[in-house]
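Working notes for the structure below.
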Amino acid sequence: MRQVAESIGAGLAKAALAGAIDGEIVEVSRPIHADAAFRILTARDEDALGVLRHSAAHLLAMAVLELFPGTDLGFGPATEDGFYYDFKTPRPITEEDLPAIEARMKAIVKEGRAFARVELDRAQAKARLADVGYDLKVPHVDEIPEDVISFYDSGPFTDMCEGPHVPDTSWIAHIKLLAVSGAYWRGDAEGEPMQRVRGTAFFDKKSLKAYLARIEEAKLRDHRKIGREMDLFSLHPEGPGFPFWHPNGTVLWNALEGLLREELLARGYGEVRTPSVLSDELWRTSGHYEHFRDDMYFLDIDERSFAVKPMNCPGCCLIYGSKPHSYRELPLRLAEFGSVHRNEMSGVLHGLLRVRSFTQDDAHVYCTEDQLESEIGDMLDMTRSVYSAVGFDDIKTRLATRPENAMGDPDVWARAEQALGAALDKNGFEGAWVEAPGEGAFYGPKIEVHVTDALGRSWQCGTVQVDFSMPARFGLEYTGSDGQKHTPVMIHRAILGSMERFVGILIENYAGKFPLWLAPVQAKVLSITDKQGAFAEDVARQLVAGGIRAEADVRGDKIGSKVRDATLGRVNYMLVVGGREAEAGLVDVRSRAGDRLGTMDVEAFLSLARAEVSERR
RNA sequence: GCUGGAGUAGCUCAGCGGUAGAGCACCUCCUUGGUAAGGAGGAGGUCGCGGGUUCAAUCCCCGCCUCCAGCUCCA
């Protein structure tokens, strides 16, 4: 392939880091067979970064083996953000070792060691692994389906690896080791403990720097830190994973609920509330007891066993089943801001992003199979509308299809998957969704909705799931136009997913600098001297009466100090009142960003602020 | 749940076998200053919890709890 690249042009040959033959990515040194479809990858290709990073993982292993002789290797793949390699070293690697490892890596980069592919059979592969002391990988050879097993040699280093790689180590100049952490051989907690060194690599210095800056920026935006600074929420040892919402955080929560309720009303939903504690039998009927009892909280009351709800759907099904239904009522759309509790493993808890009690902006729609596509379409439309209002316009979707252990008729599955796909196509996601084969729930296919935040990070939030199982389990029915009883299809959907998690994501997305309609403190009236104290407080009262969340700062500090505090407190508008303003009954308005909007009367500011709130700017 | 690390004032952190410190925040007083830090004073701590070692433990040891970084998991 290198010759082909050269024949096209010397520039291309130089830029060629890998190629693709019949869709499979390989290195440029690989021969091209007759009639093969091929392309040449340069740093600009999407797949190129993965090749570079996997090569960087090898580079890391080279350095570690040289610095820690006797190290055994685990796996070293590229990841979304970089790469890692798992090691079993004679002595533990610590953070302090990373600079030395990185320096050695950079020295090897300068050597420009080639990645030379060697192909062996199974027995040769095992012998070679044993020879270099990679004991962990020996049994793995038997699990490789191909008969030809490839190794990549770079100087004294060799590794069993599928490839492909960049031509030589000089390509991997822009690297950074980030962390060392515990891992297990093949991710098995019972297995061999290992150490994972993580890092990242880019083709150019600028991208690497930008990535590292993004990590720093993410730390500054950590919702746990901002949550404390803005007094939004707190967590306590008395309730690990159970967030406490403070007044400021509850403002955010209520604003989001308000937004969702507007949409629910417009889209023909009814809102319901169901109890948090329900009898065991319900959870046996729904199937949750069987599948998820380890994650549920149980309690005994009067010799009866109850469980705290881990999901809202069974309760909603009781509402549906409380009376007979006609096909004329369908689709029946029931929404619930439902608080659920799940006993997640202690190690996974993380601020608001992973909790044990959370509130889903849930809804269950009972409909016929024919109505699936239009109902799902409306849900996607609502998703787009809500996300756009909170500032997320970059939305990605995945369609998770029938898994191995699926229940129900495969034809019904196929039709449902078709309906989901069609709904995606017709609602602005055409060409923008990917299929995730086999990742659906056992009871039905689902759509996952991911948003991209201001730092380019992707978060899974919304979900739309078709359920062929639960209506039958609960014996739910409707009478069709034929006079016969039929079982409805049920759709579960959540737009934000979890209110807690979504607020956490929003905090990080905005770095706490919320648009006016979400901001806990929308305006602060700052007095310049004590003489304006009463006026400042009166202005704040007028603002509150006018529907704006306002406070007055009448401390004996200087105006500069008050501006600074309000700015750090992320208050959207500062209304400065000194002698001139108090005299004229005006306020001097300053935005959070520092723009001076001039003096105006309170009514003028109110109408400006109200417009901004109602438009959710 | 597993591996490793951490827990000292509201926050960020220093200290370290002889019962505790700074900055910011808070309170009081002085200052009344026009758009990102005016000054002085004061208050605030069972050094995460429980055991042990010691004449003496915030400090050393053991157990637990919580948090952090990963792993794993996420209906």
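First the proteins, then the strands, lettered A, B, ... as listed; each starts at 1. Heavy atoms only: backbone and side chains are in, while hydrogens, waters and symmetry mates are out.
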Quick one: which protein N/O atoms are closer than 3.5 Å to N/O atoms of nucleotides 68-70 of chain B? Pair and distance per line, please.
unit_1 : atom_1 : unit_2 : atom_2 : d
B:C68  : OP1    : A:R224 : NH1    : 2.8
B:A69  : OP1    : A:R224 : NH2    : 3.2
B:G70  : O2'    : A:S181 : OG     : 2.6
B:G70  : O2'    : A:G182 : O      : 3.3

- If you take atom types as modelled and just measure distance, does the side chain of A:E344 reach the base of B:G1 with a donor-acceptor pair under 3.5 Å? no
- Query: Is there a side-chain contact between A:L73 and A:K88, using heavy atoms and a 4.5 Å cut-off?
  - Reply: no
Report task. Tell me whether the centres of the aromatic rings in A:F244 and A:H236 are closer together than 6.0 Å. Result -> yes
Tell me yes or no: between the side chains of A:D159 and A:Y85, is some donor less than 3.5 Å from an acceptor?
yes
Of A:R356 and A:D295, the one whose nearest nucleotide on RNA chain B sits closer to the 5' end is A:R356
Do you see a donor-acceptor pair shorter than 3.5 Å between the side chains of A:H450 and A:E448? yes
Annotated structure of RNA chain B as dot-bracket, pair cut-off 3.5 Å, Watson-Crick or G-U only, | for inter-strand, is (((((((..((((....[..)))).(((((.......))))).....(((((..]....))))))))))))....
query: What integer number of Å spans the C1' atoms of B:G17 and B:U53?
result: 12 Å
*asked:* I'd like the P distance from B:U28 over to B:G34, given in whole Å.
replied: 24 Å
Item to complete: Could you check whether A:F442 gets within reach of a base, just the sugar-phosphate, or nothing at all, counting any heavy atom under 4.0 Å?
Response: nothing
**Message:** Categorize A:G579 for me: base, sugar-phosphate, or nothing, with a 4.0 angstrom heavy-atom threshold over every strand shown.
**Reply:** base
- Query: So, A:R555 side chain and A:K562 main chain: donor-acceptor pair closer than 3.5 Å or not?
  - Reply: no
* Asked: If the P atom of B:G38 is compared with that of B:C47, how far apart are they to the nearest Å?
  -> 35 Å
When you compare the side chains of A:Y443 and A:Q465, does any donor N or O come within less than 3.5 Å of an acceptor on the partner?
yes
Indicate, with a heavy-atom threshold strictly under 4.0 Å, whether A:I528 touches base, sugar-phosphate, or nothing.
base
Between the protein and nucleotides 10-12 of chain B, list the N/O to N/O atom pairs that are separated by less than 3.5 angstrom.
unit_1 : atom_1 : unit_2 : atom_2 : d
B:U12  : OP1    : A:R228 : NH2    : 3.0

- [ ] Just call it for A:E229: base, sugar-phosphate, or nothing, with non-hydrogen atoms closer than 4.0 Å on any strand.
- [x] nothing
Practice problem: Rounded to whole angstrom, note down the C1' distance from B:G45 over to B:G15. | Solution: 14 Å
So, with a heavy-atom separation below 4.0 Å from RNA chain B, the residues of residues 488-500 of chain A are none
task = Take atom CD of A:E229 as the centre, draw a 6.0 Å sphere, and report whether it contains more than 12 heavy atoms from other residues, nucleotides or ligands.
result = yes
Kindly give the atom pairs (protein nitrogen or oxygen, nucleotide nitrogen or oxygen) under 3.5 Å for nucleotides 37-41 of chain B.
unit_1 : atom_1 : unit_2 : atom_2 : d
B:A37  : N7     : A:R564 : NE     : 3.2
B:A37  : N7     : A:R564 : NH2    : 3.2
B:A37  : N6     : A:R564 : NH2    : 2.3
B:A37  : N1     : A:R564 : NH1    : 3.2
B:A37  : N1     : A:R564 : NH2    : 3.3
B:A37  : N3     : A:R564 : NH1    : 3.4

Margin query: Could you check whether A:F442 and A:F468 have their ring centres less than 6.0 Å apart?
Written below: no
message = Regarding A:N248 and A:D231, do their side chains bring together a donor and an acceptor under 3.5 Å, going by distance alone?
response = no
Applying side-chain hydrogen bond (donor to acceptor under 3.5 Å, both in side chains) to A:K176 and not counting sequence neighbours gives none
Could you measure between the two P atoms, the one in B:C49 and the one in B:C30, and give it in whole Å?
40 Å
Rounded distance in Å between the P positions of B:C67 and B:G52
28 Å
| message | Whether A:E435 and A:K446 form a salt bridge (side-chain N of Lys/Arg under 4.0 Å from carboxylate O of Asp/Glu) is what I want to check. | response | no
| Neighbour count above 12 (heavy atom, 6.0 Å) for A:R273 CZ | no
inquiry  = Under 4.0 Å, heavy atoms only, any strand: does A:R592 hit a base, just the sugar-phosphate, or nothing?
reply    = nothing
Q. Using the C1' atom in both, what is the distance from B:A56 to B:G63, to the nearest Å?
A. 23 Å
- Task: Name the nucleic acid region contacted by A:K562, choosing base, sugar-phosphate or nothing; use a 4.0 angstrom heavy-atom cut-off, strictly under.
- Result: nothing
Whether A:T567 contacts B:A36 is assessed here as follows: a side-chain N or O lying under 4.0 Å from the phosphate OP1 or OP2. Is that the case? no
Report task. Evaluate side chain to side chain contact (heavy atoms under 4.5 Å, CB included) for A:T359 paired with A:S498, printing each intermediate quantity in order. Result -> CA-CA 5 Å; A:T359 301; A:S498 138; over 6 Å; no
Here the distance between atom C1' of B:C71 and atom CG of A:D86, to the nearest Å, is 9 Å
Worksheet item: Would you say the base of B:C73 and the side-chain of A:R342 have a donor-acceptor pair closer than 3.5 Å?
Response: no
Q) When you measure from the side chain of A:S591 to the backbone N and O of A:D595, does any donor-acceptor pair fall under 3.5 Å? A) yes
Review point. Is any side-chain N or O of A:R354 closer than 4.0 Å to OP1 or OP2 of B:C73?
Key: no
Closest non-hydrogen contact found for A:T452 with A:K396 is OG1-NZ, 3.7 Å
- Query: Base, sugar-phosphate, or nothing: which does A:E581 touch, judged by heavy atoms less than 4.0 Å apart?
  - Reply: base
Side chains of A:Q195 and A:D86, donor plus acceptor under 3.5 Å: no
### Task
Considering only NZ, NE, NH1 and NH2 on the basic side and carboxylate oxygens on the acidic side, decide whether A:R398 and A:E439 come within less than 4.0 Å.
yes
Item checked: Atom NZ of A:K225 with >12 non-hydrogen neighbours under 6.0 angstrom -> yes
